[in-house]
Protein chains: 2
Amino acid sequence: MPKDGSMSESKQKILEAASELFLEGGVKAMSVRAIAAKAGVSTIGIYSHFKGKQGILDALFIEATEMVSAAMDAGNGAPTAKAGMMANAEAYLDLAEKHYAHYRLFFGESDPDYTPSEEAQELARAAFMKLREHAAKLHPADASSQDIQETALTFWALLHGFVGLTRHMGAPRAGVADWRALIMRAVEEKLNTYLN
Amino acid sequence: MPKDGSMSESKQKILEAASELFLEGGVKAMSVRAIAAKAGVSTIGIYSHFKGKQGILDALFIEATEMVSAAMDAGNGAPTAKAGMMANAEAYLDLAEKHYAHYRLFFGESDPDYTPSEEAQELARAAFMKLREHAAKLHPADASSQDIQETALTFWALLHGFVGLTRHMGAPRAGVADWRALIMRAVEEKLNTYLN
DNA sequence: CTGACATATATAACACTGTTATGTTTGTCA
DNA sequence: TGACAAACATAACAGTGTTATATATGTCAG
């Protein structure tokens with residue numbers, strides 16, 4: 001949520017309304033008329049303050065990016081590299097679960113017409129860099145940049161892939177008692193391959 | 001593509017037009033007016049033959065499902081279980097690359113308003129079952145159903161996660177020389193954990 | 001204080017979307 | 001041939017994001 005001091009009252013109201021609608025109903029629930037009505041302003045405010053719908057989506061994308069970034073900070077200060085990354089995984093899965101609309105927006109799965117701004121993209125890259133720093137701790141000090149990157153990408157792929165599958169109608173519903181346990185097992189197993 | 005004998009000329013023209021537009025520009029390029037114009041009919045045909053836009057998306061979803069299913073058949077007849085699943089992975093990645101719009105539709109990433117029909121969902125489940133049969137070959141004959149399912153899900157999660165990352169603006173562009181090689185290494189490494 | 005300019009705002013209109021309504025044409029069958 | 005169903009063309013509808021037009025408010029220099 002934005003701070004009061006850096007934003008006019010209208011702008012803030014608009015963004016709050018958009019965030020609430022998004023959280024409740026995803027991008028479908030967030031027409032400019034719905035946002036304006038909920039904020040108690042007319043639609044023109046969305047154009048003057050945010051340059052239109054894309055600007056609203058950018059603001060939400062940045063929120064999503066901050067959430068992902070915070071998840072990548074969850075492992076900070078952990079006693080071991082493995083414990084750090086396990087904490088990152090839990091935080092990431094929590095994020096996906098509690099803020100799925102934001103998660104989907106981050107992965108370009110929300111609105112076929114939305115392309116993140118350059119600023120937004122820069123923040124997404126910074127979030128990946130955080131993950132990469134954690135991954136580096138799994139490797140010896142002289143490990144190649146490529147190896148570290150590959151580790152970070154594989155970790156992320158595993159998490160992201162599972163998040164998608166938990167909601168896919170092709171994946172079995174009845175046979176998976178505990179998705180979280182399954183995912184954490186797979187992640188831990190993967191991390192163990194770096195410790196041997 | 002549908003067979004001539006089971007479909008009227010109009011219905012076929014409409015579906016061909018839709019497929020072409022979808023392939024070129026994804027769901028955004030596929031308004032009912034664009035489909036009708038390309039097919040040389042009026043929009044009403046989409047309602048009488050397909051019950052509307054959702055019916056078009058269902059037909060395309062079924063195409064996507066058939067593609068995924070075919071990818072899961074790629075490993076049939078391979079000399080080892082590992083070779084079979086490696087072939088499945090290559091076919092799956094080929095599918096995602098060559099038919100990305102179909103792939104996204106299959107994973108619910110195309111159109112926030114689209115929900116697959118029950119028939120379409122059933123086909124998606126059948127595709128997963130094929131993958132599961134390949135995964136079973138990695139395990140001893142007395143392996144539990146749960147273990148086999150977990151293996152299939154992890155394999156799929158890894159592939160799906162990587163497909164998503166290759167297109168994510170947060171993932172490094174310049175640092176990954178060869179995504180395919182990276183993914184296949186990660187998949188092979190995962191498969192190797194079942195062979196020890 | 002006033003005028004020029006920028007920003008914010010309300011409302012209407014526009015162009016596009018998927019869908020429904022209305023009427024006509026064509027095909028099937030007793 | 002008439003009744004009915006399916007297919008079809010076109011117009012109208014209700015919703016979408018956006019732009020156009022006019023008005024109100026805020027800022028700043030002279």
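Each chain gets a letter, A, B and so on, in the order the sequences are listed, and its residues count up from 1.
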Over 60° means perpendicular and under 30° means parallel, so tell me whether [X] and [Y] are parallel, tilted or perpendicular.
X: H160(A); Y: Y103(A); value: tilted
X: W156(A); Y: F128(A); value: parallel
X: F61(B); Y: Y114(B); value: tilted

Could you run through nucleotides 9-24 of chain D and give me one letter per nucleotide, 5' to 3': B if any protein heavy atom sits under 4.0 Å from the base, S if only the sugar-phosphate is that close, - if neither? BB-B---BBBBB----

With a 4.5 Å cut-off on side-chain heavy atoms, are Y47(B) and V32(B) touching? yes

Would you say that K190(A) contacts E189(B) through its side chain, given a criterion of any heavy-atom pair below 4.5 Å between the two side chains? yes

Length of the line joining [X]:[atom1] and [N]:[atom2], which is rounded to integer Å:
X: F50(B); N: dT19(C); atom1: CZ; atom2: C1'; value: 17 Å
X: E9(A); N: dA8(C); atom1: CD; atom2: P; value: 14 Å
X: I35(A); N: dT9(C); atom1: CD1; atom2: P; value: 15 Å
X: Y114(B); N: dG18(C); atom1: OH; atom2: P; value: 15 Å

Quick check on the helix from dC1(C)-dG30(D) to dA30(C)-dT1(D): what's the angle between its two end axes, five base pairs per end, to the nearest 10°? 10°

In D111(B), T65(B), V27(B), L57(B), the residue satisfying side chain to side chain contact (heavy atoms under 4.5 Å, CB included) with L105(B) is L57(B)

Can the positive tip of K11(A) be found less than 6.0 Å from the middle of the six-membered ring of F50(A), inside 45° of the ring normal? yes

Does NZ or CZ of R167(B) lie under 6.0 Å from the centre of the six-membered ring of Y100(B), at an angle within 45° of the ring axis? yes

Between S10(A) and dA8(C), does any side-chain N or O lie under 4.0 Å from OP1 or OP2? no

Under 4.0 Å between a side-chain N or O of H49(A) and OP1 or OP2 of dT7(C)? no

